[in-house]
Structures are given as structure tokens and as C-alpha cells.
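All remarks here apply to the structure that follows.
Indexing begins at 1, ligand by ligand and atom by atom, following the structure's order.
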Amino acid sequence: MKSILNRRSIRKYTSRAVEESKIEQLLKAAMAAPSAGNEQPWEFIVLRDRTTLNAIPKIHPYSLMLYEASVAILVCGDLSREKYKGYWVQDCAAATENMLIAVNDKGLGAVWLGIYPVEERITGLRRLLSIPENRIPFSLVALGYPAEKKEPADRFDPERIHYDCW
Ligand SMILES: Cc1cc2nc3c(=O)[nH]c(=O)nc-3n(C[C@H](O)[C@H](O)[C@H](O)COP(=O)(O)O)c2cc1C
């Protein structure tokens, strides 16, 4: 509950590099996500190359924090593993959120950058990273050691909850 309720989008990072072992833990959290028919239709690209990270804001206008981020993880949907059509989107979202919760637990900061379904971002990243046609860039998680602190956001709203019928 602590990691879920304290999670906020962190867009400012220190220059400290994120350890490989932590990246692996984040990927472990991502791959622990539930998926339709247990299809696990995800693949990940760990982006550390500065030139590559700096190229992304030219493709994605709301990703300027990548100039500071020491690493970013791209979540891709793998259509070749699809058992139940269309569910890959929910599966990849679950993997992305799992990763964000783990980020908080590891003392790191991160923000989810939406890629899918914006065509220019999908095409731009596909070109930049040589992603094959049946893999769809879904979300990008920018991360690093936090250089900003945010209070937890209390979004609990009992009016959004219905019991037994609308
Ligand atoms: C699907 C999705 C796409 C998002 N895309 C971006 C983005 O492109 N750039 C960005 O800075 N934040 C992005 N965010 C982060 C949201 O702006 C953020 O989660 C929201 O404002 C709530 O704030 P919090 O994460 O600090 O609780 C995205 C979040 C989601 C779930």
C-alpha cells in the first residue's frame, strides 16, 4: 500500500546512474504482471545511450525529462504472442504500472510516458530503435534517482464507487 499510495510522477533526476541490479528488479516486477490467458505479450528495451535518450523528445513532445534521465525502459507489445485479440494493451499497462510501483520501492523516481496509440510516437520510436513490425512500442518509463519530492496524492473518491448496480 505504501508504494502504491506514495507513487507520483517524478520528472527531475540527479546524475547518479541507476544500478543494473535495480533495472533487473524493475523488469522482474514488470514481468510479474497478470496478462490475458497468461500470454505475457511484452518485451522491453532498456535505453541508456545518451544520444538515443536525447533523440526521443524530438519524437515525443512531452518527454523532455529524458534529457536528464539516466535510463528509460520502453515497454513493447508483442503481437506474435497474442492469444486473445486486443488484450495486449491491458497486459502492457499492467506491466508498466508494476514497474512504477517497484520504482518507488527502490528509492528511484519515474514517469510513465504514453506512446501507444499515438501513431507519430509509435512510428518514430520504431524507426529510432529498429523495432520489428509485430512489436508495438506501448509506454516509456523515464527513470533515475529523484531530484524532486512530491506529496502523495489522495484521490480516493467514494462517489466513484457503486455497489451491486449503478
Ligand atoms: C497512459 C499515460 C500516459 C502518460 N503520458 C505522459 C507523458 O507523455 N508525459 C508526462 O510527463 N507524463 C505522462 N503521464 C503521467 C501523468 O501525467 C501523471 O500520471 C498524472 O498527471 C498523475 O500524476 P502522478 O503520476 O504524479 O500521480 C502519463 C501517464 C499515463 C498513465
Tell me yes or no: between the side chains of K22 and Y145, is some donor less than 3.5 Å from an acceptor?
yes
Under 6.0 Å from the NZ atom of K12, do we count more than 12 heavy atoms belonging to anything else shown?
no
Protein heavy atom at shortest distance from atom 18 (C) of ligand 1
S9 OG, 3.4 Å
Just to confirm, does any protein heavy atom lie below 4.0 Å from atom 20 (C) of ligand 1?
no
Looking at Y62, I want to see if its OH is surrounded by more than 12 non-hydrogen atoms of other residues, nucleotides or ligands under 6.0 Å.
no
What do you reckon, does R121 have a nitrogen or oxygen under 3.5 Å from a nitrogen or oxygen of ligand 1?
no
What protein heavy atom is closest to atom 9 (N) of ligand 1, reported as residue, atom name and distance in Å?
Y62 O, 3.0 Å
In terms of atom number and element, which parts of ligand 1 are under 4.0 angstrom from non-hydrogen atoms of M65?
11 (O)
For atom 8 (O) of ligand 1, what's the nearest protein heavy atom and its distance?
H60 CE1, 3.0 Å
Write out the residue and atom name of the closest protein heavy atom to atom 7 (C) of ligand 1, then the distance separating them to 0.1 Å.
L113 CD2, 3.6 Å
Which residue and non-hydrogen atom of the protein lie closest to atom 5 (N) of ligand 1, and at what distance in Å?
G114 N, 3.1 Å
What part of R155 sits under 4.0 Å from ligand 1 if we count only heavy atoms: the side chain, the backbone, both or neither?
side chain
Suppose we measure from atom 6 (C) of ligand 1 to each protein heavy atom; which comes out shortest, and what is that distance?
W112 O, 3.1 Å
Which residue and atom name correspond to the protein heavy atom nearest atom 16 (C) of ligand 1, and how close is it?
R11 NH2, 3.8 Å
Does atom NZ of K83 have more than 12 heavy-atom neighbours from other groups under 6.0 Å away?
yes
Tell me whether E119 is salt-bridged to R126, with the criterion being a basic N under 4.0 Å from an acidic carboxylate O.
no
Can you tell me if CD on E19 sees more than 12 non-hydrogen neighbours from other groups inside 6.0 Å?
yes
Determine, step by step, whether E148 and R11 satisfy the salt bridge (charged side-chain N to carboxylate O under 4.0 Å, His left out) criterion, reporting the C-alpha distance in whole Å, the side-chain angles of both residues, the deciding distance to 0.1 Å, and the verdict.
CA-CA 8 Å; E148 64 174 337; R11 299 182 177 86; 5.7 Å; no
What class does the angle between the rings of F44 and W42 fall in, given that below 30° is parallel, 30 to 60° is tilted and above 60° is perpendicular?
tilted
Is V111 in polar range of ligand 1, meaning some N or O pair under 3.5 Å apart?
no
